[in-house]
Amino acid sequence: MTYAFMIEPQHYTPFENDEELIEKCQEWGLLSGKATKLKTFYYKGNGLNVPCTIIGFVDHMAAVIQLDNEQKHCIHPSYLKEMQASSYNVRSVTGAGAEKGNEPSAASNTEVTPRTEAVSVADPLSDSNDIPSDLNDMDIDEEGSHSGLKGDPDGLVEEYVGPQGGTSSEAKPKAKTASKAKSVKIDLPEGKVKMTAVVKEFTTVPNHFSDNDDEVIIYEEVAITEPERVEIGEAWSSHSATMKKQELEVGDVLTFEAKMIKKKLTRNPVPYKINNPSKIQKQV
C-alpha cells in the first residue's frame, strides 16, 4: 500500500551511523541529552499509528522518515516529537479538526515557492541560491534549492515567516560584502573531504521553531586539503554537541573531515557551511 499524503524528498542527507542519528535526535529534542541508544518512533498522522524509522534530513526543519511500506516522508522534527506523546491521538480527536489544521492535505497546500519569496523579501542578502540557517541546520544541494516538496501535510511551510531585515542603511554594506564573496565560484566536492580551519567567532542565529537561538561557529582560513587543496575562506557550522566536546576557543586551528555545502549563514555574509564534521583534531 502507498500513502497519497507522503512528501517524498527529492534530495536528503542520510545518516551514516547510529551515533550521528542519536546526536541529531538529541538536537531535535526527540532524545534526551544523555541518551546512548535509539528508541522506536511512531507516525500518528493521517489516521495512522505506525512505527517509523528516521533515515536522514533535508535541513533543520525537515526530517526524513520511512514507514513500514518503505515510503519516505518529510516531516518537521517538532511535529514528529508531538506524535510520540501517548495522548497525541486523544488531542487530535477532541481538538475538533486540530489535526487538519496541523496537517492539511497535499492537494490544497501552499507550494514551497511562497516561502522562498518570503525569505527574499525579509532578508536583502537572500537570493535563489541562499537559504537562511533558520531553515537549516542541514544539508541542501549545491545549487541551494530546498527539498522541492509539493504539499505540506506536516507543517513545513506555513510556520516560517523569515528573518526580519534591518534598516536599509545597514543592508547595503552587507549586500556589497556578500557580492564580493560570490565573485569567485568554488566547485565543492560532493562527499566528505579533509579540511583545515581556524575558529574565528562564536555566535547565534534566530530559530523561529525554538525558544532558543541556534549556536553556530564561524571559521576563517578554511581550506579543503584532500583530495586536492581548495581555498574556501570563511565558513560556518552548528555548535553541536560534537563540537562542544572539543572545548574550542577563538584562534584554535582544527583539522577534520566534513562535507562542505553552499549555504549562507543568516544575516552574515558567510556563504559556506561545514556539515557533520568528524575526526576533529586541534593543532597544538
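For reference, positions follow the sequence shown, starting with 1. What you see below is based on every heavy atom in this structure, not just the backbone, and it leaves out hydrogens, waters and symmetry mates.
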I'd like to know if the side chain of [X] reaches the main chain of [Y], judged simply by a donor and an acceptor atom lying under 3.5 Å from each other, with no hydrogens or angles considered.
X: Glu231; Y: Ala223; answer: no
X: Lys39; Y: Leu31; answer: no
X: Gln84; Y: Leu80; answer: yes
X: Thr196; Y: Leu254; answer: yes
X: Lys44; Y: Met83; answer: yes
X: Asn46; Y: Leu48; answer: no
X: His73; Y: Ile7; answer: yes
X: Gln71; Y: Tyr3; answer: yes
X: Gln26; Y: Ser32; answer: yes

What residues form a side-chain hydrogen bond (donor to acceptor under 3.5 Å, both in side chains) with Lys192, not counting sequence neighbours?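 Checked Lys192 against side-chain hydrogen bond (donor to acceptor under 3.5 Å, both in side chains); matches are Ser278.
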
Taking all non-hydrogen atoms of both residues, which atom of Lys282 and which atom of Asp252 are closest, and how far apart?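 Reported closest heavy-atom pair: CD-OD2, 3.6 Å.
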
Nearest heavy atoms of Val250 and Phe202, plus distance in Å: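 What the structure gives for the nearest pair is N-CE1, 3.8 Å.
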
Is there side-chain contact between Val253 and Glu221, with heavy atoms separated by less than 4.5 Å?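 No - every pair of side-chain heavy atoms lies 4.5 Å or more apart.
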
Lys/Arg cation over aromatic Phe57: Lys24, 6.0 Å, 45° cone: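 Positive - Lys24 is close enough to the ring of Phe57 and near enough to its axis.
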
Do the rings of Tyr219 and Phe256 sit parallel, tilted or perpendicular, given the 30° and 60° boundaries?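 Tyr219 and Phe256: tilted rings.
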
